[in-house]
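Remember, it's a predicted structure, so these values are computed and weren't measured experimentally. Both backbone and side-chain heavy atoms feed into the values below; hydrogens, waters and symmetry mates do not.
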Amino acid sequence: MPVSKAPVSKAPAAKAPVVDPAVVEEIFHRFHRVDPEPKGELDYVNAYTLLVAVVLSAQATDVGVNKATRALFAIADTPQKMLDLGEDKVRDHIKTIGLFRAKAKNVIGLSRDLIATFGGEVPMSRAALETLPGVGRKSANVVMNIAFGEPTIAVDTHLFRVANRIPLAPGKTPLEVELGLEAIIPERYRRHAHHWLILHGRYVCKARKPECWRCLIRDLCRFEPKTPAVA
């Protein structure tokens with residue numbers, strides 16, 4: 001009796017690049033020329049405090065997080081010191097940050113898990129980082145990139161907007177944008193790519209009124225209408 005074969009599923013056809021590779025190269029060449037070593041704006045002293053700062057930065061500004069963590073990190077820069085400090089005192093230190101109660105709980109939880117599961121060290125893999133309280137894919141990508149030099153792309157609201165507006169890698173979700181950027185950004189630019197795009201979105205390609213008149217890639221961007229310079 002003949003054996004019926006299951007239908008072979010076909011992989012989805014690859015999308016054609018939205019932007020010509022030469023344009024992508026030129027965009028990131030310009031970012032690199034102006035700022036060859038971009039830095040994140042969260043203050044930290046080691047991989048652990050970076051992780052804590054990133055968790056605290058959800059729905060908060062980097063400036064606000066830095067103000068709150070300055071005194072906290074001076075006395076608790078390891079998971080054990082944070083546990084010794086306790087949730088109540090952590091909450092007192094970060095009470096100026098939005099969602100501070102839930103975030104204090106996450107900081108204590110991730111500190112406990114780091115000690116119990118990872119020997120007190122911040123793990124280097126995304127999968128491991130995402131097991132920690134308060135850590136999602138974006139936060140894991142930030143830690144991997146800044147602490148360990150991995151060429152990950154952390155998609156925040158600024159980067160999501162810029163990637164769709166130029167457009168570089170349009171997508172309906174942060175993951176779509178992240179994977180789209182990974183597919184088109186030349187490898188030599190990938191480590192710093194998300195910093196360039198985030199800073200560009202934060203200070204130039206703003207949500208309500210992009211400052212197109214001072215944009216270094218305005219001739220390569222298809223966003224219209226361009227915002228004119230203020231007279």
Side-chain angles (χ1 to χ4, degrees), residues 35-160 174 178 191-199 201-203:
D35 187 9
E37 293 288 336
K39 304 295 182 184
E41 296 186 319
L42 287 172
D43 293 338
Y44 64 96
V45 296
N46 53 30
Y48 169 71
T49 53
L50 171 65
L51 173 62
V52 172
V54 171
V55 168
L56 296 179
S57 71
Q59 300 181 51
T61 66
D62 290 357
V63 172
V65 171
N66 290 339
K67 287 181 180 178
T69 57
R70 191 169 296 121
L72 176 63
F73 292 162
I75 58 175
D77 59 358
T78 69
Q80 188 59 59
K81 289 179 182 178
M82 196 69 74
L83 287 181
D84 293 342
L85 189 61
E87 185 174 333
D88 289 346
K89 290 185 179 178
V90 171
R91 188 167 55 242
D92 288 342
H93 276 281
I94 66 170
K95 62 187 177 183
T96 57
I97 302 174
L99 306 175
F100 68 93
R101 290 182 178 85
K103 290 178 179 180
K105 184 176 181 179
N106 284 337
V107 168
I108 292 298
L110 71 83
S111 299
R112 185 179 294 114
D113 287 358
L114 286 174
I115 293 171
T117 308
F118 302 105
E121 299 295 327
V122 176
M124 297 177 65
S125 78
R126 183 187 292 120
L129 285 164
E130 288 184 2
T131 67
L132 300 170
V135 180
R137 185 181 181 93
K138 184 193 79 172
S139 298
N141 281 345
V142 172
V143 173
M144 291 169 65
N145 181 278
I146 297 177
F148 306 121
E150 294 294 325
T152 51
I153 297 174
V155 181
D156 74 345
T157 56
H158 299 295
L159 192 152
F160 186 81
E178 177 187 336
R191 180 182 174 191
H192 295 314
H194 89 269
H195 288 301
W196 286 319
L197 294 174
I198 287 171
L199 294 171
R202 183 174 291 166
Y203 297 112

Please tabulate, for the side chains in residues 48-65, all donor-acceptor contacts under 3.5 angstrom to protein atoms that are two or more places apart in sequence or on a different chain.
residue, atom, partner, partner atom, Å
Tyr48, OH, Ser111, OG, 2.6
Thr49, OG1, Val45, N, 2.8
Thr49, OG1, Asn46, N, 2.9
Thr49, OG1, Asn46, O, 3.0
Thr49, OG1, Asn46, OD1, 3.0
Ser57, OG, Val54, O, 2.7
Thr61, OG1, Gly64, N, 3.0
Asp62, OD2, Arg202, NH1, 3.4

Query raised in the report: Measuring from Leu132:CG to Leu110:CG, what's the distance to the nearest 0.5 Å?
Result: 6.0 Å

Query raised in the report: Less than 4.0 Å between a side-chain N and a carboxylate O, is that true for Arg91 and Asp88?
Result: yes

Query raised in the report: Could you give the distance from CZ (Arg126) to CZ (Arg137), rounded to the nearest 0.5 Å?
Result: 4.0 Å

Report task. Any chance you could lay out the side chain to side chain contact (heavy atoms under 4.5 Å, CB included) test for Asn141 and His194, step after step, and finish with the verdict? Result -> CA-CA 10 Å; Asn141 281 345; His194 89 269; over 6 Å; no

Query raised in the report: Hey, is CD on Gln80 packed in by over 12 heavy atoms from elsewhere, all under 6.0 Å?
Result: yes

Query raised in the report: If you measure from CH2 on Trp196 to CG on Leu159, what distance do you get to the nearest 0.5 Å?
Result: 12.5 Å

Query raised in the report: Taking all non-hydrogen atoms of both residues, which atom of Asn106 and which atom of Gly134 are closest, and how far apart?
Result: ND2-CA, 3.6 Å

**Report entry** Minimum heavy-atom distance Phe160-Pro174, with the two atoms named
**Finding:** CE1-N, 3.8 Å

**Report entry** Option among Val90, Ile115, Leu114, Asp77 that satisfies the side-chain contact (heavy atoms from CB on, under 4.5 Å) test with Met82
**Finding:** Val90

Requested in this report: Indicate yes or no: at least one non-hydrogen side-chain atom of Ile75 is less than 4.5 angstrom from one of His93.
Outcome: yes

Requested in this report: Mind checking the CG-NE2 spacing from Leu197 to His192? Nearest 0.5 Å is all I need.
Outcome: 13.0 Å

Query raised in the report: Does any N or O in the side chain of Asp43 come within less than 3.5 Å of the main-chain N or O of Asn66, such that one atom is a donor and the other an acceptor?
Result: no

Report task. Show your reasoning for whether side chain to side chain contact (heavy atoms under 4.5 Å, CB included) applies to Val107 and Leu72. Result -> CA-CA 12 Å; Val107 168; Leu72 176 63; 5.8 Å; no

Query raised in the report: Is Arg112 close to Ile108 at the side-chain level, that is, under 4.5 Å between some pair of heavy atoms?
Result: yes

Report summary line: On a heavy-atom basis, the closest approach of His195 and Arg191 is CD2-O, 4.5 Å

Requested in this report: Using side chain to side chain contact (heavy atoms under 4.5 Å, CB included) as the criterion, list what pairs up with Ala193, not counting sequence neighbours.
Outcome: Phe28, Ile185

Requested in this report: Using atom types as modelled and distance alone, determine if a side-chain donor or acceptor of Asn145 lies under 3.5 Å from a backbone N or O of Glu150.
Outcome: yes

Report task. Specify the closest pair of heavy atoms between Ile94 and Ala104, including all atoms of both residues, with the distance to one decimal. Result -> CD1-N, 3.7 Å

Query raised in the report: So which heavy atom on Ala47 is nearest to which on Phe148, and how close?
Result: CB-CZ, 4.5 Å

Report task. Identify the heavy atoms of Leu129 and Met144 that sit nearest to each other, and give their distance. Result -> CD1-CG, 3.7 Å

Query raised in the report: What do the steps show when you test Ile198 against Glu41 for side chain to side chain contact (heavy atoms under 4.5 Å, CB included), and what is the final call?
Result: CA-CA 10 Å; Ile198 287 171; Glu41 296 186 319; over 6 Å; no

